[in-house]
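Here's the structure, in structure tokens; my notes come after.
The chains referred to below are lettered A, B, ... by the order of the sequence lines, with proteins before strands, and numbering in each begins at 1.
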Amino acid sequence: MPEGPNRQAGGTVTNEVVPAPAYHRTDRPRPDEAPVTDAPVRVRFCPAPSGVLHVGSVRAALYNWLHARHHGGTFVFRIEDTDAARATEESMRSMIEALSWVGLDWDEGPDPADPLGAERGDHGPYRQSSRLELYTAVGRRLEEAGHLYRDFRTAEELEAWRASARAGGGDGPPVVKASGFRHSDDEVARFTAEGRPASLRLATPETGHVVVDDLVRGEVRFDWEQISDPVLVRSDGSATYPLANSVDDVAQGISLICRGEDLLSVTPRQLLIHDLLVRDGLLDAALDEVGLPARDPAWGAPSSFAHLPMVVGMDRKKLSKRHGSVAIQEFARQGFLPATLRNYLALLGWSHPDGRERLNDDELIAAFDVSGVGRSAAAFDVDKLTAFNGERIRELDPAELSTLLVPFLDGTYGDRLLDDPPTEPQLAVVGGLVPLVQERMQRLDEVQGYAPPFLTAEVALDEASVAKVFTKPGAVAAIEAARRVLADVDWTVEAIEAALRTLPEELSSGFGKVAQPIRVAVTGSSVSPPLFESIELLDREVVLARLDAALPVARAHAPEG
RNA sequence: GGCCCCGUCGUCCAGCGGUCCAGGACUCCGCCCUUUCAAGGCGGCAACGCCGGUUCGAACCCGGUCGGGGCUACCA
């Protein structure tokens with residue numbers, strides 16, 4: 001049981017590397033001897049810009065953001081585009097836009113207003129493609145210090161070796177170790193002279209084990225003999241993820257690495273790299289060499305890890321297009337509020353100590369603690385998200401909701417029902433619509449189902465509604481009576497209601513029987529916002545015209561006799 | 001195959017040896033309210049994967065088993 005001085009509120013922070021015979025030095029300080037307690041809280045979100053940002057990534061970003069805000073720390077947004085073949089600017093732009101939309105603001109990283117250009121923060125650049133020199137310098141220094149070895153094997157050779165090893169040809173599992181992979185000095189000299197390309201592998205310890213003390217998983221032990229020596233520098237000279245990611249985490253003073261569980265098994269080698277980077281000031285020298293900002297003296301190597309459980313679909317399978325909207329932008333166009341996403345996603349793996357679920361940012365930030373995160377995979381449930389969203393919409397200030405609704409009516413998302421730009425009267429109608437629809441919407445895009453009768457002169461009578469309502473006795477009479485009383489009533493909700501309330505008695509009927517035909521005639525459907533308010537929102541001429549237009553239809557559907 | 005992680009209602013969580021014939025939220029169902037649809041109120045269905053062990057006592061501890069997932073790339 002590792003017991004070091006490295007304790008921090010919220011969890012044990014001892015990442016012990018034991019023993020370390022294969023990494024050479026014995027006079028170095030043990031990693032757990034370095035006090036890390038007063039290092040400032042700095043966390044990062046560092047997606048690889050290929051594809052779109054999905055809810056799993058956003059939840060990871062959210063947890064990092066919450067951790068930073070809770071501790072008054074710094075949230076860094078870094079772009080990991082070391083794989084030139086996969087990274088695209090389109091994806092990068094989209095991810096920056098998505099994270100901004102969700103409302104997770106970062107303190108250092110690309111400028112959302114100028115995604116491909118400006119950056120903010122003193123420890124950049126924040127795009128790895130702009131730090132290649134650093135990785136090269138670090139790679140060279142690591143090699144000079146004897147931590148790396150050259151591998152001249154081609155991809156085909158490696159593949160063949162793996163295939164046979166896996167086939168159980170007596171070689172055991174396919175673990176790459178220096179003991180079996182390091183070329184002899186002669187070979188190295190010869191291959192180098194021939195100009196054969198070589199990748200650089202990190203020589204990990206051949207024996208012993210590492211204990212990763214994870215804030216969510218507890219202590220996880222790995223035996224070094226099971227861990228392959230990772231390629232740090234590709235044969236074309238470019239850095240791989242383990243190198244670039246580790247270098248940047250140390251160079252940017254990241255204190256807690258909080259990421260997906262899929263990276264848990266890769267943590268041992270990163271611990272080793274962090275250690276090598278910090279030791280003897282190797283990284284500091286490289287930083288200085290390439291002219292990048294020096295590290296803050298208060299920073300240590302990342303001292304805490306938190307590996308978050310995966311987010312899966314309702315079928316427990318990996319999140320995919322089949323699970324609805326994968327790209328975060330899709331949530332925007334469907335009318336989800338960013339605050340809903342933040343609230344819901346926070347609860348996917350974590351819960352407030354007192355059990356409350358509807359939480360605003362302040363409450364989230366105040367209560368969030370990574371070590372309280374659960375360990376099992378969580379299914380993303382759109383129904384619950386939707387329910388949360390409906391509640392939030394109801395809490396919105398009407399004026400704000402009115403503004404939020406416009407993009408769903410001006411053609412930004414969905415059909416265009418407003419002029420460009422919207423006219424004052426149109427905006428007034430939208431504003432008038434808000435009280436009628438606010439409590440019956442779960443998503444903003446649902447306004448598209450309510451708005452047409454109020455924004456277009458003509459109304460199309462819904463076939464099913466006509467068949468259901470106009471075929472009942474009394475429909476024609478109700479419409480005729482409504483037409484008569486509405487012709488000269490005061491155009492206020494109260495007067496309209498008072499007038500229509502007299503109809504049931506006159507027609508010896510129930511109000512429901514009278515109201516439905518009128519509703520269909522005026523709104524086109526048997527399902528609509530409240531009748532009196534709907535009528536009032538429309539102009540008298542429009543209402544009367546619609547009643548007139550509906551009359552022949554109602555007559556045509558009227559029952560015999 | 002090897003290494004690692006995970007396993008409470010359909011779903012997300014609570015539970016951290018007795019107060020649990022397991023609690024909240026979403027979904028679903030019923031009732032109330034009601035001019036439709038909603039909203040709101042009330043009520044209901046529904047789970048500790050399995051087998052052993054420890055213990056006076058286990059959802060909680062231990063072992064095994066089964067099931068799910070991750071990694072096993074010169075992707076990240």
If you measure from the [atom1] atom in [N] to the same atom in [M], how many Å do you get, rounded?
N	M	atom1	result
B/C60	B/G53	C1'	15 Å
B/G18	B/A38	C1'	46 Å
B/C28	B/U35	C1'	27 Å
B/G49	B/C42	C1'	35 Å
B/U36	B/C32	P	13 Å
B/C26	B/A14	C1'	15 Å
B/U54	B/G69	C1'	30 Å
B/C16	B/G64	C1'	23 Å

(request) Would you tell me whether A/N389 and A/T340 have side-chain atoms, one donor and one acceptor, within less than 3.5 Å of each other? (result) yes
(request) Answer yes if the side chains of A/Y241 and A/D83 hold a donor-acceptor pair under 3.5 Å, and no otherwise. (result)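 There is no such pair (donor and acceptor under 3.5 Å, judged by atom type) between the side chains of A/Y241 and A/D83.
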(message) Once side-chain hydrogen bond (donor to acceptor under 3.5 Å, both in side chains) is applied, do any residues pair with A/K513, and if so which ones, sequence neighbours excluded?
(response) none
(message) I'd like to check the side-chain hydrogen bond (donor to acceptor under 3.5 Å, both in side chains) partners of A/Y344; sequence neighbours left out, ordered by chain and number.
(response) none
Sugar-phosphate only, base, or nothing, as touched by [X] at under 4.0 Å among non-hydrogen atoms:
X	answer
A/V266	base
A/T82	sugar-phosphate
A/R356	nothing
A/L263	base
A/R153	base

Got a list of protein N/O to nucleotides 59-65 of chain B N/O distances below 3.5 Å?
none

(message) I want to check one thing: is the phosphate of B/A76, taken as OP1 and OP2, less than 4.0 Å away from some side-chain N or O of A/R86?
(response)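 A/R86 to B/A76 OP1/OP2: no side-chain N or O under 4.0 Å.
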Measure the distance from [atom1] on [X] to [atom2] on [N] and round it to the nearest whole Å.
X	N	atom1	atom2	result
A/F388	B/G24	CZ	P	15 Å
A/F336	B/C26	CZ	C1'	13 Å
A/D151	B/A73	CG	C1'	13 Å
A/Q226	B/C3	CD	P	6 Å
A/L359	B/A25	CG	P	14 Å
A/D81	B/C75	CG	P	14 Å
A/W161	B/A73	CH2	C1'	12 Å
A/K317	B/G67	NZ	P	15 Å

Does any nucleotide pair with [N] by Watson-Crick or G-U wobble geometry, both distances under 3.5 Å, and what is it?
N	value
B/C33	none
B/C50	B/G64
B/G1	B/U72
B/C45	none
B/A25	B/U11

(message) Using a 4.0 Å heavy-atom cut-off to protein, can you give one letter per nucleotide of nucleotides 4-14 of chain B, 5' to 3': B if the base is in contact, S if only the sugar-phosphate is, - if neither?
(response) SSSS---SBSS
(request) Using a 4.0 Å cut-off on protein heavy atoms (strictly under), produce a 5'-to-3' string for nucleotides 33-44 of chain B with B for base contact, S for backbone-only sugar-phosphate contact, and - for none. (result) --BBBBSS----
(message) I'd like to know if A/T240 reaches the base of B/C74 with its side chain such that a donor and an acceptor end up less than 3.5 angstrom apart.
(response)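 Looking at the base of B/C74, it does not pair with any donor or acceptor on the side chain of A/T240 (distance under 3.5 Å).
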(message) Filter on salt bridge (charged side-chain N to carboxylate O under 4.0 Å, His left out), then keep only pairs touching residues 234-246 of chain A, sequence neighbours left out; what's left?
(response)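 Pairs touching residues 234-246 of chain A that pass the test: none.
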(request) With sequence neighbours excluded, give me every salt bridge (charged side-chain N to carboxylate O under 4.0 Å, His left out) pair touching residues 258-272 of chain A. (result) A/R217-A/E261
Could you work out, with side-chain contact (heavy atoms from CB on, under 4.5 Å) as the rule, every residue matching [X], not counting sequence neighbours?
X	answer
A/P473	A/P559
A/R440	A/Y450, A/P530
A/D223	A/H209, A/R221, A/E225, A/Q226
A/S351	none

(message) So A/V233 and A/L142, do their side chains get closer than 4.5 Å, heavy atoms only?
(response)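 No, their side chains stay 4.5 Å or more apart.
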(request) Among the candidates B/U27, B/C75, B/A73, find the nucleotide nearest to the side-chain atoms of A/R162. (result) B/A73
(request) For the side chain of A/R269, starting at C-beta, report the closest nucleotide among B/A76, B/C26, B/G1. (result) B/A76
(request) Mark yes or no: A/R501 above the aromatic ring of A/F511, with NZ or CZ under 6.0 Å from the six-membered ring centre and no more than 45 degrees from the axis. (result)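 Here A/R501 passes the 6.0 Å and 45° test against A/F511.
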(message) A cation-pi test, strictly: NZ or CZ of A/R196 under 6.0 Å from the centre of the six-membered ring of A/F191 and no more than 45 degrees from its axis. Yes or no?
(response) yes
Run the side-chain donor-acceptor check on residues 49-63 of chain A: report pairs under 3.5 Å with partners two or more places apart or on a different chain.
{"unit_1": "A/H54", "atom_1": "ND1", "unit_2": "A/G56", "atom_2": "N", "d": "3.1"}
{"unit_1": "A/H54", "atom_1": "NE2", "unit_2": "A/S57", "atom_2": "OG", "d": "3.4"}
{"unit_1": "A/R59", "atom_1": "NH1", "unit_2": "A/L348", "atom_2": "O", "d": "2.6"}
{"unit_1": "A/R59", "atom_1": "NH2", "unit_2": "A/P309", "atom_2": "O", "d": "2.4"}
{"unit_1": "A/Y63", "atom_1": "OH", "unit_2": "A/A346", "atom_2": "O", "d": "2.9"}
{"unit_1": "A/Y63", "atom_1": "OH", "unit_2": "A/L348", "atom_2": "O", "d": "3.2"}

